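Here the structure comes first, spelled out in structure tokens, and everything after it is commentary.
Chain letters run A, B, ... following the sequence lines, proteins first, then strands; residues in each count from 1. This structure is a prediction, so every number in the text was calculated from the model and none was measured.
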2 protein chains.
Amino acid sequence: MTANAVQADSRPSPRKRAGNGAAPRDVADDVGLDALVGHAGYAVRRFQIWIFQDFIKTLGEVDIRPTQYSVLTVIGANPGLSQMAVAKRLGIERARLVHLLDSLEQRKLVKRTKSKEDRRSHALHLTAQGETALAKFKRLAAEHERHVEAKIGKENRAQLLRILAGFT
Amino acid sequence: MTANAVQADSRPSPRKRAGNGAAPRDVADDVGLDALVGHAGYAVRRFQIWIFQDFIKTLGEVDIRPTQYSVLTVIGANPGLSQMAVAKRLGIERARLVHLLDSLEQRKLVKRTKSKEDRRSHALHLTAQGETALAKFKRLAAEHERHVEAKIGKENRAQLLRILAGFT
DNA sequence: GAAAGATTGTTGTTGACGACAACAATTGCC
DNA sequence: GGCAATTGTTGTCGTCAACAACAATCTTTC
């Protein structure tokens, strides 16, 4: 956050008026980026920060973060998957997935069952409660996507998804 | 990492052959994403991971990470800036910038000078060594951008920059 | 059939990173 | 001059990725 011209900043009036401390004019408003502009990584990073924060805010009422959402979605679409499979598919460390599942299991959204085919692994399923919850999460996620459309434009969002389809 | 079809994975042969442990076929190769496809945030996250790793690898020989590069670039383009100004411009916590500058100052790339206009703040400048170093960093960064072009296509990269220009 | 090697889930450590809170020094406003 | 605000700094907390090590289990191989 503390972005630049992005969304509603914390300064309603341009110039910030007087009344507080130093800073003749609002500092760093016209700092040249120069070489930074034109770097794909920088733009993507800033956008990613924005989009994640909107996701977190939009799904805030149900307390679901992007990674949790992706885990639930994959399990919901592929019941019985092992932790290894989920981790591999989402590019998450399996060590990290352990904590994620601990949290989701405490909330009664996911269930770990000992697999009978491979007793090392756990078969992952959504609970009944998890199913209905995920349905709600998906509605909120769709709302979040509409925010993205409102931010960058419907056409541009579609373009973006097309360009980055190979990374999904 | 541990992406999917992204760059050179750690498995040269498709199917991974036998010779090791379990997994009849390489697990999680055809796991349905379904609902995850079509989420801008997910695609952007995966892309951002890829692009940062390529940046880190390409600038690995000089040991410069994306954030460090952005700090050096801004200071180089706007000598005399305060830490507050840099932090605000890049969306970095000023507390975080302290450590970043500590590191860059130890490496003799940046110099903190007590500002005479405002004795609370530090004026930031590149050292002579920092100038020449940054020139090299920029060449490597340009090489990184070429990797991005090779990955998603020249046209698509330009599209991306245009779409996300508002976040820069 | 048994040993050797690999995989799965788990725990723990490390380091980068963002969000906050508190503090001394300094500045601007009244 | 006094008070509020800003700047740089330090420290804490929580998230997250990258590793390493371990027990249990499976596959391969002899």
Side-chain angles (χ1 to χ4, degrees), chain A residues 1-3 16-28 45-46 48-50 52-53 56 63 65-68 70-71 81-88 90-103 105 112-124, chain B residues 1-3 10-11 16-28 45-46 48-50 52-53 55-57 63-71 81-88 90-103 105 112-124:
Chain A
M1 53 173 62
T2 312
K16 199 175 211 174
R17 206 185 110 262
N20 32 18
R25 300 167 312 167
D26 199 354
V27 80
R45 170 178 163 257
R46 299 297 291 247
Q48 206 254 6
I49 292 173
W50 180 89
F52 262 53
Q53 276 172 350
I56 293 170
D63 190 30
R65 317 193 81 250
T67 310
Q68 296 175 315
S70 68
V71 170
L81 234 47
S82 72
Q83 296 187 191
M84 225 5 238
V86 172
K88 221 168 192 174
L90 292 177
I92 303 175
E93 288 279 319
R94 64 183 200 275
R96 166 108 190 91
L97 188 59
V98 172
H99 302 298
L100 283 169
L101 288 175
D102 285 349
S103 162
E105 203 171 23
R112 277 191 260 221
T113 315
K114 303 209 66 170
S115 171
K116 294 178 179 175
E117 302 168 344
D118 187 339
R119 299 193 350 248
R120 293 172 301 181
S121 65
H122 290 163
L124 302 176
Chain B
M1 53 172 66
T2 313
S10 53
R11 56 186 142 121
K16 200 176 212 175
R17 202 186 112 264
N20 34 15
R25 301 164 312 165
D26 199 354
V27 81
R45 169 177 166 259
R46 298 297 291 247
Q48 206 255 7
I49 291 174
W50 180 88
F52 262 55
Q53 275 170 353
F55 187 99
I56 293 171
K57 196 200 311 176
D63 190 30
I64 287 290
R65 317 193 85 251
T67 311
Q68 295 175 315
Y69 178 77
S70 68
V71 170
L81 234 47
S82 71
Q83 298 187 190
M84 235 348 249
V86 173
K88 223 169 190 173
L90 292 176
I92 302 175
E93 288 279 321
R94 66 183 198 274
R96 167 107 190 92
L97 189 59
V98 172
H99 302 298
L100 284 168
L101 288 175
D102 285 348
S103 162
E105 203 171 26
R112 278 190 259 220
T113 315
K114 303 210 68 170
S115 172
K116 295 178 178 176
E117 301 170 345
D118 187 339
R119 292 182 10 236
R120 293 172 300 179
S121 65
H122 290 163
L124 302 176

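Residues B:Leu101 and A:Arg119 both approach DNA chain D. Their nearest nucleotides, taken by heavy-atom distance, put B:Leu101 toward the 5′ side. Summary of the strand contacts: A:Lys114 and A:Arg96 both lie near DNA chain D, and taking for each the nucleotide with the nearest heavy atom, the more 5' one is attributed to A:Arg96.
In terms of phosphate contacts, B:Gln68 brings no side-chain nitrogen or oxygen within less than 4.0 Å of OP1 or OP2 of C:dA16. Phosphate proximity of C:dT10 to A:Gln83: present, with a side-chain N or O under 4.0 Å from OP1 or OP2. Between B:His122 and D:dT9 there is a side-chain polar atom (N or O) within less than 4.0 angstrom of OP1 or OP2. The side chain of A:Gln48 places no N or O atom within less than 4.0 Å of a non-bridging phosphate oxygen (OP1 or OP2) of C:dC17.
Counting only heavy atoms from C-beta on, A:Ala95 has its side chain closest to C:dT11 among C:dT11, C:dG18, D:dA5. For A:Thr67, taking side-chain heavy atoms from C-beta onward, the closest of the listed nucleotides C:dT10, C:dG18, D:dC16 is D:dC16. Among the nucleotides C:dT27, C:dG18, D:dT25, the one closest to the side chain of A:Arg120 is D:dT25.
Nucleotide C:dT11 holds its P atom 14 Å from the CG atom of A:Leu100, rounded to whole Å. Note: CD (B:Glu117) to P (D:dT7) measures 14 Å, nearest angstrom. Distance B:Arg65 CZ to C:dG18 P: 11 Å, rounded to the nearest Å. Between the NZ atom of B:Lys116 and the C1' atom of D:dT7 there is a distance of 19 Å, rounded to whole Å. Here C:dC17 presents its P atom at 17 Å from CD of A:Gln53, a figure rounded to the nearest Å. Look at NE2 on A:His99: it is 7 Å from P on C:dT11, rounded to the nearest Å. Going from atom CE of A:Met84 over to atom P of C:dT10 covers 13 Å, rounded to whole Å.
In terms of modelled atom types and a separation under 3.5 Å, the side chain of A:Arg94 and the main chain of A:Ala85 share no donor-acceptor contact.
For A:Arg94 against C:dG9, a side-chain N or O and a base N or O form a donor-acceptor pair under 3.5 Å.
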